[in-house]
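Report on the structure given below.
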Amino acid sequence: MPLPSLLDDYATQQFIHLLEQQSVIAQWSSEQQTQLKTVIGLSKFVYETLMRDEALCRSLPDMLNDGSRCELYRERLFEQLSACTDEISGLRILRQFRNREMVYIAWRDFLNTWSLDESFEHLSQLAEALIFETYQWQYKACCQEWGTPCNAFGEAQPMLIMGMGKLGGGELNFSSDIDLIFTYPENGETQGHRRSIANAQFFTRLGQRIIKMLDQQTFDGFCYRVDMRLRPFGESGPLVMSYAALEDYYQEQGRDWERYAMVKARVMGREMYTQYQELRQMLRPFVFRRYIDFSAIQSLRRMKSMISSEVRRRGLSNNIKLGAGGIREIEFIAQVFQLIRGGREPSLRHRGLLETLEAIDELQLLEKKEVEHLREAYYFLRRLENLLQALADKQTQTLPDKADDQLRLAFAMGFESWKALDSQVKQQMANVHAVFSALIGEEDEQDESTLAAHFHELWDMSHNRELIESIVENELAMQDVPEIVDTIIGFKDDLAKRTIGPRGREVINRLMPKVYQAIFDHPDAKFGLSRVLSLLHSIATRTTYLELLDEHPAALVQLVRLCTASSMISEQLARHPILLDELIDPQHLYNPIPLESYKTELRDFLARIPEDDMEQQMEALRQFKQICILKIAAADIADVLPVMKVSDHLTYLAEAIVEAVVNQAWLQVTAKYGQPTHLKDREGKGFAVIGYGKVGGWELGYNSDLDIVFMHDCPVSAYTDGVKEIDGRQFYLRLAQRIVHIFSVRTASGILYEVDTRLRPSGVSGLLVSPTEAFEDYQRQDAWTWEHQALVRARMIYGDAPLQEAFAQIRHNILSLPREEAKLKQEVVDMRIKMRDHLGGKKPGRFMIKQDEGGITDIEFLAQYLVLRFSHEQPKLTRWSDNVRIFESLLIQGVLEEEQAMALTHAYTAMRDQIHHRNLVNQDADVDESKFAHEREVVKHVWNQWLG
């Protein structure tokens with residue numbers, strides 16, 4: 001079937017680009033070229049992989065003639081890794097192997113030239129090959145470093161890797177995470193090396209290396225996101241445990257959801273099967289009860305209820321996995337029978353879902369028609385999920401909003417239109433949900449009403465300390481009971497002293513049980529309780545806001561979620577309750593303004609206020625900033641935005657505000673003096689704002705200042721054309737002063753930004769705004785090396801095109817000046833020592849992430865030094881002002897090796913991420929000195945190499 005015309009035009013264009021890049025494709029058969037055009041019209045992932053992999057373009061035609069490649073995955077990967085002697089090459093081998101085979105799988109999926117079972121088999125076998133061959137390669141390397149781990153009898157001990165979830169069931173999807181648990185048979189020590197270490201230590205190091213090999217992002221991408229949270233004690237537990245420790249944990253502390261997860265557990269590597277039998281026998285009593293276990297239904301019902309709440313909270317509509325009737329419900333149905341009857345019925349102990357449905361059918365546990373509905377929906381939804389993820393190799397189960405992606409999916413699934421596909425999706429999910437509701441149902445209503453009664457008692461009976469203690473400890477199963485009880489009782493006592501009218505009291509009495517329910521439904525209720533109650537205390541006299549929360553349950557849930565995650569947000573909401581309006585629509589709240597739209601959104605926001613009402617304009621600027629920061633922080637907390645994207649949003653927001661402030665200041669100053677005459681025959685203002693530091697490097701945090709410098713291109717001869725004429729340069733000085741005033745003045749909503757203009761030529765003693773020629777002269781003749789370092793992180797964030805070009809040229813020329821290496825090195829090191837002495841760590845046992853040795857400032861200084869040192873020979877190094885792309889440029893230009901560039905980038909982003917999340921909870925940028933030990937050592941090593 002030919003591609004629809006809309007996709008065909010796009011595919012033709014992509015095919016031409018690919019042919020230009022990879023001329024070997026011209027040698028493919030015409031049939032293969034036609035298939036290629038179809039596949040790249042559907043999958044961005046396939047197109048991008050082929051664009052950068054010439055070897056794959058040569059070998060793909062032969063690969064496509066190979067009907068079943070999965071049988072040789074391990075053999076071929078073993079061969080490639082055996083010839084590899086270093087980790088960097090190993091990372092590249094794994095990623096290229098993965099990407100090439102994923103192209104083959106995507107090709108067959110999109111052209112529908114094999115069954116879904118074959119696709120599952122190849123995806124699961126590929127993951128197993130990558131995991132197990134990485135394990136074998138690293139096990140050998142670790143034994144050479146630390147000796148072979150042995151038991152008390154001197155027998156070598158392996159590490160078993162259990163694949164969980166879809167990997168364990170042999171039903172992996174296209175862009176899935178992999179859930180793993182590491183274990184080993186017996187404790188002991190390593191042998192064969194001059195210094196032995198405990199087996200637990202050996203296997204922990206081995207496990208960390210395996211995760212890094214699979215999970216680390218390099219310039220070739222990554223293999224799999226590795227999730228270890230299913231292990232005993234979750235993220236706080238040891239990475240690897242012995243069989244005995246595992247058995248103790250599951251017997252004494254194993255929870256229902258862990259039984260559920262363990263049903264699918266499968267050991268990686270067929271040679272490990274005999275070892276695994278012992279472990280499997282140990283775990284069987286935990287997973288499969290000997291009796292018929294109907295408690296599993298209630299447990300699964302609670303899990304489903306929690307998932308449904310999360311779906312609603314995150315606004316996950318159109319989700320074919322988590323939505324009503326989605327893939328997760330089919331899995332729950334299968335597993336409810338496994339957990340209830342698996343102890344008695346061996347046929348229900350299979351890992352694969354389809355095998356389990358077969359057993360359910362044979363045992364007549366469901367009607368034949370119901371099993372058929374489940375089987376058909378599973379095949380349909382899993383194929384759709386695979387194709388959805390293969391569009392761009394992204395882990396998603398949410399159907400696309402974009403029309404072209406909808407068309408791609410419809411075509412790949414064999415439907416004439418998106419409407420037809422969407423209709424079939426709804427039908428299949430409705431069939432599943434009907435079976436699910438009949439079998440598992442929803443949470444027991446009586447349980448819910450009993451719990452609701454407890455939340456009413458927390459409010460109504462707060463004078464009865466003993467009762468409150470009993471509810472918190474027994475019904476809510478909370479830790480820190482005295483502290484929680486004091487908070488609940490203290491809140492009501494304090495509220496009794498406030499002047500709240502009868503209407504307000506009535507609303508509070510209705511609202512508070514709902515508040516307690518929302519707080520204690522959250523897993524981190526101990527943090528949320530005091531923050532939410534503190535906020536409610538501050539708005540208790542403003543009945544309108546209490547009614548908003550009472551009438552909008554979704555807003556209350558968002559409030560609890562955000563306050564629990566961030567003390568910064570709870571304080572902001574308490575100071576500016578007007579922001580509570582933003583909580584009403586969760587979909588709106590968790591979707592920050594698109595980066596390119598901040599300026600237009602701000603213009604629209606300000607358009608409601610008369611231009612000449614400067615006081616209201618300044619207040620509106622602050623409100624816009626607060627609303628945007630709330631949305632960015634909400635998306636950050638919900639993991640919708642990674643740290644780099646958060647900084648992008650905060651930076652674009654700042655740029656939009658800078659533009660609006662300049663426009664406001666311009667209106668005020670030109671109303672008084674007119675415009676400088678040199679602007680008569682040109683557009684623009686002849687004025688620019690240069691951003692330094694975090695705003696210059698697209699790296700703003702929630703609490704960042706703005707480091708800015710002002711520039712103009714006004715000739716000495718220019719004057720203003722207003723009634724009150726002044727010198728043109730005097731005009732720009734007044735404009736800059738006005739801008740600083742608008743930023744700094746405190747209105748009802750506080751200040752806009754702290755602005756720092758000390759990086760201008762000659763610092764505090766210099767002119768507030770510089771002519772371009774004076775700026776260039778200063779940089780050439782008088783600037784210190786540290787000022788050139790600062791220029792590395794500078795870019796124009798507002799200004800006319802002529803000033804943009806002038807600044808870019810000045811910056812490039814200054815950074816590209818030839819410099820004496822020894823002198824430059826000494827000056828950079830001296831400045832770093834001076835900064836560390838002035839700002840470095842003052843807290844014993846703590847690592848100050850920014851200023852201490854091996855921290856962020858060291859990484860920034862390295863980037864600045866390398867740009868100043870090598871830009872004369874490699875002028876392309878002056879292009880970027882942000883550290884991540886500077887390191888990428890240093891790699892591309894051959895200054896840094898890949899390992900160093902990647903290590904510095906990782907250390908930098910990891911530390912920034914930490915600072916960033918500490919900002920959210922109003923904590924200082926310091927951590928226990930054991931944190932980031934590896935990253936700090938890497939930074940120190942690179943520092944010593946270049947600046948030691």
Side-chain angles (χ1 to χ4, degrees), residues 315 401-404 572 576 578-579 581-636 640-641 644-670 679 682-691 694-702 704 706 708 710 735 738-739 742-743 747 749 752-753 755 795-804 881-882:
D401 296 324
K402 290 184 181 173
D404 52 351
Q572 194 183 13
H576 313 294
I578 193 170
L579 294 173
D581 289 333
E582 298 300 317
L583 305 178
I584 292 172
D585 180 358
Q587 283 193 311
H588 182 64
L589 174 66
Y590 291 100
N591 283 308
I593 294 167
L595 293 173
E596 67 281 358
S597 303
Y598 276 103
K599 289 182 180 177
T600 51
E601 288 278 345
L602 178 52
R603 281 186 215 122
D604 293 346
F605 193 83
L606 294 173
R608 301 172 290 127
I609 299 158
E611 267 191 350
D612 56 355
D613 189 345
M614 285 303 161
E615 199 172 317
Q616 279 305 307
Q617 287 269 337
M618 288 197 290
E619 183 64 10
L621 277 173
R622 284 149 179 77
Q623 285 177 4
F624 180 80
K625 181 192 172 190
Q626 286 156 4
I627 289 167
C628 290
I629 284 183
L630 178 67
K631 288 184 180 181
I632 294 163
D636 184 7
V640 178
L641 291 178
M644 307 292 281
K645 292 288 180 196
V646 170
S647 291
D648 285 348
H649 277 273
L650 292 169
T651 305
Y652 277 75
L653 168 63
E655 287 182 29
I657 288 173
V658 166
E659 182 186 85
V661 169
V662 172
N663 289 337
Q664 282 189 17
W666 184 264
L667 275 173
Q668 293 175 45
V669 180
T670 53
L679 300 176
R682 61 180 261 196
E683 286 184 5
K685 298 183 173 69
F687 180 77
V689 181
I690 298 157
K694 285 192 172 64
V695 70
W698 285 282
E699 292 159 0
L700 279 182
Y702 290 111
S704 297
L706 295 186
I708 51 178
F710 304 114
L735 176 66
R738 193 69 209 161
I739 289 167
I742 293 171
F743 273 117
T747 72
S749 294
L752 191 51
Y753 281 97
V755 292
R795 65 188 176 89
M796 191 168 287
I797 58 174
Y798 171 88
D800 313 343
L803 277 158
Q804 287 271 14
S881 58
D882 65 294

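Numbering starts at 1 and runs along the sequence shown. Everything numeric in this text was worked out from a predicted model, so none of it was measured.
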Say whether, by atom type as modelled, one donor and one acceptor occur between the side chain of Asp800 and the main chain of Ala688 under 3.5 angstrom.
no

If you look at every heavy atom in Lys694 and Gly701, which pair is closest and at what distance?
CD-N, 4.4 Å

Derivation and outcome, side-chain contact (heavy atoms from CB on, under 4.5 Å), residues Leu735 and Phe710:
CA-CA 10 Å; Leu735 176 66; Phe710 304 114; over 6 Å; no

Decide side-chain contact (heavy atoms from CB on, under 4.5 Å) for Cys628 and Ile593; before the verdict, give the C-alpha distance in whole Å, the side-chain angles of both, and the deciding distance to 0.1 Å.
CA-CA 8 Å; Cys628 290; Ile593 294 167; 3.7 Å; yes

Shortest non-hydrogen contact from Gln664 toward Leu621
NE2-CD1, 3.5 Å

In Å, rounded to the nearest 0.5 Å, how long is the span from CG of Leu595 to NE2 of His649?
4.0 Å

Does the side chain of Val658 reach to within under 4.5 Å of the side chain of Leu706, using non-hydrogen atoms?
yes

Smallest heavy-atom separation, Ala620 atom then Leu606 atom, equals CB-CD2, 3.7 Å

Can you see which heavy atom on Ser881 is nearest to which on Arg795, and at what distance?
OG-CD, 3.5 Å

Could you check if a side-chain atom of Ile797 sits within less than 4.5 angstrom of a side-chain atom of Ile708, using non-hydrogen atoms only?
yes

Taking all non-hydrogen atoms of both residues, which atom of Ala656 and which atom of Leu602 are closest, and how far apart?
O-CD2, 3.4 Å

CG of Leu752 to CD1 of Ile742: how many Å apart, nearest 0.5 Å?
9.0 Å

Tell me whether the NZ or CZ atom of Lys625 lies within the 45° cone about the ring axis of Tyr753 and under 6.0 Å from its centre.
yes

If you count heavy atoms of other groups shown closer than 6.0 angstrom to CD of Gln804, is the number above 12?
yes

Do other residues, nucleotides or ligands put more than 12 heavy atoms under 6.0 Å from the CZ atom of Phe743?
yes

Excluding sequence neighbours, so at least two apart, what forms salt bridge (charged side-chain N to carboxylate O under 4.0 Å, His left out) with Glu659?
Lys599, Arg603

At what distance, to the nearest 0.5 angstrom, does CG of Asn591 lie from NZ of Lys631?
8.5 Å

To the nearest 0.5 Å, atom CD1 of Ile629 lies from atom CD of Gln572 at 6.5 Å

State the CG-CZ distance between Leu653 and Phe624, to the nearest 0.5 angstrom.
6.0 Å

Using side-chain heavy atoms (C-beta onward) and a distance below 4.5 Å, is Tyr652 in contact with Pro594?
no

Of all the heavy-atom pairs spanning Ser647 and Trp698, show the shortest one and how long it is.
CB-O, 3.5 Å

Tell me yes or no: between the side chains of Ser749 and Glu619, is some donor less than 3.5 Å from an acceptor?
yes

Taking atom CG of Asn663 and atom CG of Leu667, what is their separation to the nearest 0.5 Å?
7.0 Å

One pair to check against side-chain contact (heavy atoms from CB on, under 4.5 Å): Ile739 and Phe687. What are the steps and the verdict?
CA-CA 12 Å; Ile739 289 167; Phe687 180 77; 3.6 Å; yes

Given Tyr702 and Val646, is the side-chain contact (heavy atoms from CB on, under 4.5 Å) satisfied, shown in steps?
CA-CA 9 Å; Tyr702 290 111; Val646 170; 3.7 Å; yes

